[in-house]
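Only one structure is covered here, and it is reproduced in the block below.
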Amino acid sequence: MKINLLSCDAQRPDKRAIARCIVEISMNISESLSNELTEILLEGDVVDIEMEDKNTGSSLRALRKLSIDYEIIE
């Protein structure tokens, strides 16, 4: 499943937690790349990732818990 991470609405976003979440839910993203993607997301740009289909419900809940708005592409 592909999703776009649109924005993070948290007042004080936890960069490490967001980066860890991206690593856990995505298919082929390393820690260093997830740190870069987190910075891009927090700057206000859209980040697209591909998620593993087996845990989509819990992955989407994790994103909502971190106040990350997302859009499901496919």
Evaluation steps, side chain to side chain contact (heavy atoms under 4.5 Å, CB included), between Ile73 and Asn4: CA-CA 7 Å; Ile73 297 174; Asn4 280 341; 3.2 Å; yes

Approximate separation, where rounding is to 0.5 Å, of Glu50 CD and Ile3 CD1: 10.5 Å

4.5 Å side-chain heavy-atom contact, Met51 and Thr56: yes

ILVMFWY network linking Leu33 to Tyr70, side-chain heavy atoms under 4.5 angstrom: yes

Cluster link Val46 to Ile72, ILVMFWY, side chain under 4.5 Å: no

By side-chain contact (heavy atoms from CB on, under 4.5 Å) - contacts of Lys65 (at least two apart): none

Arg16 atom CZ, over 12 foreign heavy atoms within 6.0 Å: no

Within-4.5 Å side-chain heavy-atom neighbours: Thr38 and Leu41: no

Asp9-Ser67 side chain donor-acceptor pair, cut-off 3.5 Å: no

Distance in Å, Ser30 OG paired with Glu36 CD, rounded so as to fall on 0.5 Å steps: 8.0 Å

Same apolar cluster (I L V M F W Y, side chains within < 4.5 Å links), Leu60/Ile29: yes

Side chain to side chain contact (heavy atoms under 4.5 Å, CB included) assessment of Ile22 paired with Leu5: CA-CA 10 Å; Ile22 291 172; Leu5 304 180; 4.1 Å; yes

Within-4.5 Å side-chain heavy-atom neighbours: Leu42 and Ile40: no

Residues that Lys15 engages under salt bridge (Lys or Arg N to Asp or Glu O under 4.0 Å), provided they are two or more places apart: Glu39

Chi angles and distances behind the side chain to side chain contact (heavy atoms under 4.5 Å, CB included) call for Ile25, Ile49: CA-CA 9 Å; Ile25 67 173; Ile49 62 172; 3.8 Å; yes

Common cluster, Leu6/Leu37, ILVMFWY with side-chain heavy-atom separation under 4.5 Å: no

CA sep, side-chain torsions, deciding dist, call: Ile18, Leu63, side chain to side chain contact (heavy atoms under 4.5 Å, CB included): CA-CA 8 Å; Ile18 294 170; Leu63 291 173; over 6 Å; no

pair Leu66-Cys21: side-chain heavy atoms closer than 4.5 Å: yes

